[in-house]
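Right, one structure below, let's go through it.
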2 protein chains.
Amino acid sequence: MPTLQDVAKLAGVSSATVSRTFNNPELVDFATRSKVTAAIRKSGYTRNETARSLATRSSRTVGILTDTFVSNYFAPILEGASKLLGQYGYYATVAATEHNLSDAESTDSQIRAWRSLIDRQVESIIMLAFMESADLAHLAKEFPKSIVIGTSIDADQHQCITFDHYIGGRLAAEHLLKNGHHNIVMITGPTHKQDSVQRGQGFIDKLKEHDIQLGINQIFIGDYTFQGGRNAMRKIIESGQNPTAVFAQNDDMALGVASECYNAGIAVPKDTSIVGFDNSNLSTVMSPPLTTIDQPLMLMSRAAATLALNISYGRAHQTPLENPQTHFIPTLIERDSVANIRT
Amino acid sequence: MPTLQDVAKLAGVSSATVSRTFNNPELVDFATRSKVTAAIRKSGYTRNETARSLATRSSRTVGILTDTFVSNYFAPILEGASKLLGQYGYYATVAATEHNLSDAESTDSQIRAWRSLIDRQVESIIMLAFMESADLAHLAKEFPKSIVIGTSIDADQHQCITFDHYIGGRLAAEHLLKNGHHNIVMITGPTHKQDSVQRGQGFIDKLKEHDIQLGINQIFIGDYTFQGGRNAMRKIIESGQNPTAVFAQNDDMALGVASECYNAGIAVPKDTSIVGFDNSNLSTVMSPPLTTIDQPLMLMSRAAATLALNISYGRAHQTPLENPQTHFIPTLIERDSVANIRT
DNA sequence: CTGAAAGCGCTTACAG
DNA sequence: CTGAAAGCGCTTACAG
């Protein structure tokens, strides 16, 4: 691999000049510039970003911390962030924690992944909300150039892209109510997750305002997975409650519910209606297409990336991009999985 | 951020010694080693990987070149490769091309993404088979430390992780035959893609061996997407052929087929059977679960990562890992989407 | 076992 | 407009 020096020699100029024709071409005379350009082409030179990063003390990369790549949640976030970053000449690099570990090991793995990002000199870190808020807050405190996406952590030295899960829950309830449902059941996400409790709270509150109490036997604990949704739906069927509608706190579980209905010969939405949450890829692909709450992950991750860029620009005394929207409001996407049973 | 120098000063040793206690602790005296360790802990030092890369001329990272993150194909590959690499202290970094471009722009975008990887000094590049073989071959020639996954390109200065799509096609046909199907239809992937033509050829050949000719009107051109599958199935229905079975060349399209059947009131598998290809996440989550051909992407990407590691180890005169399996054979995963109509 | 020194490939004031 | 020089934060022969 040829270096700047090689090119300089070939063009008969100093390496400083070559560097300038790369970074500030307007500073170099037209004639020498074209000599240099020719030499670059001839030698097949490409810049060594590592050396550049070291010299400029800026890596132009932002880290993304996640727990897994195989997820409907992660993909649009990575897509949105990396494309936006790319538009500004920045890179995204991602670190994932290991899986299926004990709690202690898992914390360890998270810290290792996080540290690997810092070691690689990322200029900021976008953290997905896969761990407990307290842990997120802890990491964000250690590394103030953190952005958390999907949940809010109360500490102000970092920034959050938030989504109103509570309102989302209310919207789901409202839609069911509007369609005449009273005998309703809910499948939650992991109970220790903020977003899940908020979705649940919004749902419960809205129902209560219409004098419908969601009892303990109408709430089933899930885990945001397809299998979790299936298991919960099986229990629901076995319970003999025959709800007219089920609210699954995410689309993966909603698909599980639909699958279990299929097995049990329950028609959706005729026999039981389903509303999901997230508006993931899955929701358009199901039969029938799923009525769900939209969480605009792609937009949210673009916003996070914009925040990240502004952190970098601030450090470099460049003018920041416009401030992005930082709080997102859900909307309900009506498709075909809930029936109007109003008579 | 404290540097090696800072730690050295704090511990009263040279920076070389600090570096050694990081990289070759056995070379430094126990007493000074503990002084250094204390200083590291006290200062909160973490190594600057950028500087290290420059000094050692090794980035310990391998690049992955893809076209998109939102794909059932990409996720398991990224997952497999990055986890394996992580086990050996290496990093994966991914570059994606932009989308929805004209041909010329798209080639341009591919080259930019690829170059960005090289600029970042990756030690090898794992390329997914999202572009034409000829283009892949071209890039692999420019950068011999390339590994292509999912297809084979004939040039020997690089390495391929291949999968026998042809046999996969045969397997699909065999299974349909075994279950008594004769009136069969096939939906292909993009016709310019190697894997698609191989899958198709295997399918056609096997059928022919049993005296079943797949006519031109029994082959529908798809594009490996859900919508493509739907559209094709609609055409199939409109054609009035009433096939007893359809072979979709990937699972996304198979899901589209199932969806269209649902809309048309066609029962799967009672009225029409479906076999897919890839054994992606989708296949277990469909109703009914999809009979499909397994392409073990996670294993394949782990193999690719192993090859990548061996390239790096070779360069550093380290002893290579064991040679991984480099050619993968499909198996059919029988689930519930094909009916036995043998009488 | 440890340190001084050179070097990795760039960038960027500073002079001219 | 251009170049010599110092420096970014490490590593690694080379001496001792």
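No hydrogens, no waters, no symmetry mates; every other heavy atom, side chains included, goes into these values. A, B, ... follow the sequence lines: proteins, then strands. Residue 1 opens every chain.
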Worksheet item: Using purine N1 to pyrimidine N3 plus N6-O4 or O6-N4 for Watson-Crick, or N1-O2 and O6-N3 for G-U wobble, both under 3.5 Å, which nucleotide pairs with D:dA13?
Response: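 Pairing partner, where one exists within any strand: none, as none qualifies.
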
Worksheet item: Now, which nucleotide makes the Watson-Crick or G-U wobble pair with C:dA4, with each of the two distances under 3.5 Å?
Response: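 When the pairing criteria are applied, nothing turns out to pair with C:dA4, so the answer is none.
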
Item to complete: Using the closest heavy atom to pick a nucleotide of DNA chain C for each, name whichever of A:A51 or B:R33 lands nearer the 5' end.
Response: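 Its nearest nucleotide being more 5', the pick is B:R33.
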
Worksheet item: Nearest nucleotide by nearest heavy atom, which residue falls closer to the 5' end of DNA chain C, B:D29 or A:R47?
Response: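 By nearest-heavy-atom nucleotide position, the 5'-most residue is B:D29.
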
Practice prompt. Could you point out which residue of B:T326, B:T162, B:I149 forms a side-chain contact (heavy atoms from CB on, under 4.5 Å) with B:M300?
Written response: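 It is B:I149, the one option of B:T326, B:T162, B:I149 that forms the side-chain contact (heavy atoms from CB on, under 4.5 Å) with B:M300.
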
Item to complete: Return yes if a side-chain donor-acceptor contact under 3.5 Å exists between B:R120 and B:S116, otherwise no.
Response: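 Present: a donor and an acceptor within the cut-off.
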
Worksheet item: Any idea which heavy atoms bring A:I311 and A:E123 closest together, and the distance?
Response: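 That closest heavy-atom pairing would be CG2-O, 4.0 Å.
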
Discussion item. Please give me the minimum heavy-atom distance between A:L309 and A:Y88, naming the atom from each residue.
Written reply: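 Result for this residue pair: CD2-CD1, 3.6 Å.
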
Worksheet item: Of all residues at least two apart in sequence or in a different chain, which pass the side chain to side chain donor-acceptor pair (under 3.5 Å) check with A:S19?
Response: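 Per chain and number, A:S19 pairs via side chain to side chain donor-acceptor pair (under 3.5 Å) with A:N23.
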
Practice prompt. Tell me, please, the opening and closing nucleotides of DNA chain C, 5' to 3', among those with an atom under 4.0 angstrom from a non-hydrogen atom of chain B.
Written response: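 Contact span on the strand: C:dC1 to C:dG9.
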
Would you mind classifying the nucleic acid contact of [X] as base, sugar-phosphate or nothing, using non-hydrogen atoms under 4.0 angstrom?
X     : result
B:F30 : nothing
A:S53 : nothing
A:T32 : sugar-phosphate

Worksheet item: Taking the side chain from A:S109 and the backbone from A:E105, do they hold a donor-acceptor pair closer than 3.5 Å?
Response: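 Side chain of A:S109 to backbone of A:E105: no pair is present.
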
Practice prompt. Starting from the C-alpha separation in whole Å, work towards a yes-or-no answer on salt bridge (charged side-chain N to carboxylate O under 4.0 Å, His left out) for A:D119 and A:R115.
Written response: CA-CA 6 Å; A:D119 287 356; A:R115 170 145 299 167; 5.0 Å; no

Worksheet entry | Within residues 12-22 of chain B: residues closer than 4.0 Å to DNA chain C (heavy atoms) |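 The stretch gives B:V13, B:S14, B:A16, B:T17, B:R20 as the residues lying under 4.0 Å from the strand, ordered by number.
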
Fill in: Distance flag, aromatic centroids of A:F328 and A:F163, threshold under 6.0 Å
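Here the rings of A:F328 and A:F163 have centres that are no less than 6.0 Å from each other.
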
